[in-house]
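Have a look at the structure below before the remarks.
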Amino acid sequence: MILDILIWMMSILQNSPSSQEAVMKIEGSVALVTGANRGIGKAITTALLDRGAAKVYAAVRDVATVATDEPRLVPVRLYTGVFGADPGD
């Protein structure tokens with residue numbers, strides 16, 4: 001399943017003819033991308049915005065690492081601690 005998703009996303013990034021149906025579905029959509037500040041996550045975020053996503057939520061540990069000149073890109077802080085624990089600990 002994860003491999004299928006990665007192959008699908010890579011076809012979008014490469015803009016191959018087989019990805020045209022998927023590209024059309026992205027326009028106007030809302031997405032959540034984890035790890036959006038580097039590597040594959042950043043590439044996916046860029047591809048989604050380039051192909052007309054209405055809003056992309058960029059989930060990262062440090063929101064300051066997301067360059068946000070783009071109004072459709074919304075940094076979201078990921079909580080990486082233990083659930084139920086005090087975040088101040």
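Throughout, numbering of the chain's residues begins at 1 and tracks the sequence.
- Rounding to the nearest 0.5 Å gives a distance of 12.5 Å between OG1 of Thr45 and CZ of Arg38.
- Between Asn37 and Lys42 the shortest side-chain heavy-atom distance does not fall below 4.5 Å.
- Using modelled atom types, one side-chain atom of Arg72 and one backbone atom of Ala53 make a donor-acceptor pair closer than 3.5 Å.
- With side-chain heavy atoms closer than 4.5 Å counting as contact, directly or through intermediates, the hydrophobic cluster containing Leu32 also holds Val30, Tyr57, Val74, Val76.
- Transitive grouping of hydrophobic side chains (ILVMFWY, heavy atoms separated by less than 4.5 Å) brings Ile40 and Ile26 into a common cluster.
- The shortest heavy-atom contact between Leu78 and Ala59 is CD2-CB, 3.6 Å.
- Atoms OG1 and CZ, from Thr46 and Arg51 in turn, are 10.0 Å apart once rounded to the nearest 0.5 Å.
- Nearest heavy-atom pair across Ala36 and Val60 is N-CG1, 3.8 Å.
- In terms of the salt bridge (charged side-chain N to carboxylate O under 4.0 Å, His left out) criterion, Arg61 has no residue partners (sequence neighbours excluded).
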